[in-house]
Amino acid sequence: MEGDEAESVLAGLPTEQAMVVVEQTEPEPVIEVEPERMAMRDQVPIKQPAYDTAGKIPPPIPNGASGDDMGTFQKALLTVRMEARALDKALDDLADLSHDIYYGVEIAKDKPTLEKIICLAFGPGSERMPSNENERDHKAASILSSAVQNNPTALKEVASFWKLVMYPSCASHLKDKTVTDVNLVTLLRSRLGREKSPSALKSKVGALSGLLREPTIREEFLKKNGMEVLLAMFLKKGDDFNIVRKKVAALVMDNFLDEGMGAAVGEWPKKPLDDLKTCQTKGTMLVDGCWEHHVEAFLKTSPSDAWAKDFLSALKKQRGQLTDSTQGREL
């Protein structure tokens, strides 16, 4: 520091020197200026710009303790793409490696492999490798979730394949031939009744949450009434599915309600709250205006769950803003 440097220089000077008198100057009066009031618009916190990675993400540095991760990854990627006999081992390997940003990007940019993973996670898989065997759906959902979570570069790669995500080829294999518009949402809807594993369904919701960060995918998901499927997941019966309910709430908060988490606030909900009778009727209980009723019903049985209270509060707040804006337009 300048003060310390000055002291060290002075310490080295001889003491028996002529005295030098330095004339003291009068200190200038300090004028206190009242801080200028900020305009209201300037008091609004500035939203941080979206994080964007620059340049190519380098591969991980080889580590003798972890073995040949790159070789394992490339072999697993090829195995999944070709649906080879060692598929289950390959899914395990990708589940372990997809947490790494580099491998997450490599999975996201490999179009054939990405589609295989999506069909295993959300669809039936294939005749050769059905998704309901050996927890393949659970593993694939975990891979997808890890690949895109907190990985904007991977999500950017997925964005270029948004049609593949929303309209995977396996959607055309639906057994319900009455469904004409086959897409990711119809896949989820057709399989929901057969979802018996809470942990697997939780992983699927996590993967969906990551994908919905991409604006085009989110827009298509809303157009296809994807929120109805999410509400149906929230309403799965049994205490074991409470982990799914909590995950669904986190998805809705992170993507639509909580601006602090980067949510696209204002995109959903778009409709007013429905009456309780509508939300207790089988044919209409999944409409957008019924979320608060169902969360309130859950809280009656689990009043101590703080996450549900926060979720309900955020839903009511956003719904209230929707009502206020509608009334403003009418005026």
Side-chain angles (χ1 to χ4, degrees), residues 48-84 86-123 125 131 136-170 184 203-221 250-251 254-255 261-264:
Q48 294 295 325
Y51 172 71
D52 185 22
T53 55
K56 185 178 179 181
I57 296 176
I61 299 174
N63 183 353
S66 60
D68 184 15
D69 283 350
M70 181 63 74
T72 299
F73 175 76
Q74 292 175 343
K75 182 180 178 181
L77 213 61
L78 181 62
T79 300
V80 172
R81 190 186 310 146
M82 303 301 294
E83 292 188 350
L87 176 68
D88 295 316
K89 174 63 165 59
L91 291 175
D92 287 333
D93 290 337
L94 290 182
D96 290 337
L97 296 171
S98 57
H99 296 275
D100 187 283
I101 292 178
Y102 173 81
Y103 293 128
V105 173
E106 292 301 303
I107 291 170
K109 70 196 296 185
D110 189 316
K111 185 177 180 180
T113 303
L114 179 63
E115 185 171 28
K116 295 289 185 183
I117 292 174
I118 287 172
C119 285
L120 284 169
F122 304 124
S131 62
R136 289 170 186 152
D137 58 341
H138 191 174
K139 295 175 184 178
S142 297
I143 293 167
L144 194 56
S145 179
S146 298
V148 299
Q149 185 178 20
N150 299 323
N151 193 341
T153 304
L155 194 60
K156 188 176 180 180
E157 295 289 347
V158 171
S160 61
F161 302 135
W162 72 267
K163 287 187 178 179
L164 177 150
V165 174
M166 285 302 303
Y167 304 95
S169 59
C170 54
L184 177 63
S203 290
K204 295 178 185 184
V205 175
L208 268 177
S209 185
L211 291 172
L212 291 179
R213 289 288 189 176
E214 204 292 304
T216 307
I217 295 174
R218 187 171 62 247
E219 181 182 359
E220 286 293 306
F221 185 81
L251 179 154
D254 292 351
N255 287 281
M261 294 299 295

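Quick caveat, the model's predicted, so the values are computed rather than measured.
- One distance of note links CG of L155 with CD of E214; it measures 6.0 Å at 0.5 Å rounding.
- Every side chain to side chain donor-acceptor pair (under 3.5 Å) that E115 has, sequence neighbours left out, goes to S169.
- Expressed to the nearest 0.5 Å, how far CG of D137 lies from NZ of K204 amounts to 4.0 Å.
- Residues L144 and L208 are not in side-chain contact: their nearest non-hydrogen atoms beyond the backbone lie 4.5 Å or more apart.
- Note that CZ of F122 and CD1 of I117 are 11.0 Å apart. Values are rounded to the nearest 0.5 Å.
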_Derivation and outcome, side-chain contact (heavy atoms from CB on, under 4.5 Å), residues V105 and K156_ = CA-CA 9 Å; V105 173; K156 188 176 180 180; over 6 Å; no
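- Rounding to the nearest 0.5 angstrom, the gap separating the SG atom in C119 from the CG atom in L184 is 9.5 Å.
- In terms of the side chain to side chain donor-acceptor pair (under 3.5 Å) criterion, residue partners of K139 (sequence neighbours excluded) are, by chain and number, D92.
- Applying the salt bridge (charged side-chain N to carboxylate O under 4.0 Å, His left out) test to every pair with at least one member in residues 94-105, sequence neighbours left out, gives no pairs at all.
- Here the shortest heavy-atom pairing between A154 and A147 reads CB-O, 3.3 Å.
- S146 places a side-chain N or O within donor-acceptor distance of the main-chain N or O of S142, the cut-off being under 3.5 Å.
- By the side chain to side chain donor-acceptor pair (under 3.5 Å) test, D93 pairs with K89, sequence neighbours left out.
- Under the 3.5 Å distance criterion, the side-chain polar atoms of N151 are matched with a main-chain donor or acceptor of I101.
- Annotation: the span from K109 atom NZ to T153 atom OG1 amounts to 10.0 Å, rounded to 0.5 Å.
- We find the OH-CG distance between Y103 and D69 to be 5.0 Å, quoted to the nearest 0.5 Å.
- Residues forming a side chain to side chain contact (heavy atoms under 4.5 Å, CB included) with S160 (at least two apart in sequence, or on another chain): none.
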*Evaluate the side-chain contact (heavy atoms from CB on, under 4.5 Å) criterion for residues E219 and W162: first the C-alpha distance (whole Å), next the side-chain angles of each, then the deciding distance (0.1 Å), finally the verdict.*
CA-CA 11 Å; E219 181 182 359; W162 72 267; over 6 Å; no
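- Closest of all the heavy-atom pairs between A140 and L120 is CB-CB, 3.6 Å.
- When all heavy atoms of P59 and M70 are compared, the closest pair comes out as CB-CE, 3.7 Å.
- Here the side chains of V158 and I217 are in contact, with some heavy-atom distance below 4.5 Å.
- Judged purely by atom type and a 3.5 angstrom limit, S209 has no side-chain atom pairing as donor or acceptor with the backbone of V205.
- V148 places none of its side-chain heavy atoms less than 4.5 Å from the side chain of R213.
- A108 and F161 make their closest contact through O-CE1, 3.4 Å (heavy atoms, listed as atom of the first residue, atom of the second, distance).
- Using modelled atom types, one side-chain atom of R218 and one backbone atom of L212 make a donor-acceptor pair closer than 3.5 Å.
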Return a table of donor-acceptor pairs under 3.5 angstrom between the side chains of residues 74-84 and protein atoms on other chains or two or more places apart.
residue: T79; atom: OG1; partner: K75; partner atom: O; Å: 2.8
residue: R81; atom: NE; partner: T113; partner atom: OG1; Å: 3.4
residue: R81; atom: NH2; partner: D110; partner atom: OD2; Å: 2.5
residue: E83; atom: OE1; partner: S126; partner atom: OG; Å: 3.1
residue: E83; atom: OE2; partner: K116; partner atom: NZ; Å: 3.2
residue: E83; atom: OE2; partner: S126; partner atom: OG; Å: 3.0

